[in-house]
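Following: one structure in structure tokens, then a few remarks.
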Amino acid sequence: MITKEIQLNGITFRLTLTDHIISQVNNLKSLYNTAYEDPESFDQLSTEISNVIHEISTAIEPKVN
């Protein structure tokens, strides 16, 4: 597990990268590569890409608006 604090506009965000989140990031890269190689598949993959991005965003505290 990797924890990183990032400060933006005076707000400190804490990002925790667990094995699960790292796996999701790798999954997201794979989805984007697939969509890049076959642009017609993007519509099919867009929901899955959105779900993965949402899951990754849950690792940030405080929650992103």
Let me check something: any side-chain donor-acceptor pairs from residues 17-29 under 3.5 Å, sequence neighbours excluded? List them with distances.
from: Thr18; atom 1: OG1; to: His20; atom 2: N; distance (Å): 3.4
from: Thr18; atom 1: OG1; to: Ile21; atom 2: N; distance (Å): 3.2
from: His20; atom 1: NE2; to: Glu55; atom 2: OE2; distance (Å): 2.3
from: Gln24; atom 1: NE2; to: Glu55; atom 2: OE1; distance (Å): 2.8
from: Gln24; atom 1: NE2; to: Glu55; atom 2: OE2; distance (Å): 3.2
from: Asn26; atom 1: ND2; to: Ile22; atom 2: O; distance (Å): 3.4

Please confirm whether the backbone N or O of Ser46 pairs with a side-chain atom of Ser50, one donor and one acceptor, at under 3.5 Å? no
Separation between CG (Leu31) and CD (Glu48), nearest 0.5 Å, reads 4.5 Å
Task: Criterion side chain to side chain contact (heavy atoms under 4.5 Å, CB included) on Ile49 and Phe42, from CA distance to verdict - done: CA-CA 9 Å; Ile49 289 171; Phe42 185 79; 4.1 Å; yes
I'd like to check Ile6 versus Lys4 (side-chain heavy atoms, cut-off strictly below 4.5 Å). Are they in contact? yes
CZ of Phe13 to CD of Gln7, rounded to nearest 0.5 Å, is 10.0 Å
Residues Ala35 and Ser41: closest non-hydrogen pair is CA-OG, 3.8 Å
Around Glu40, counting heavy atoms of other residues, nucleotides and ligands shown, do more than 12 lie under 6.0 Å from its CD? no
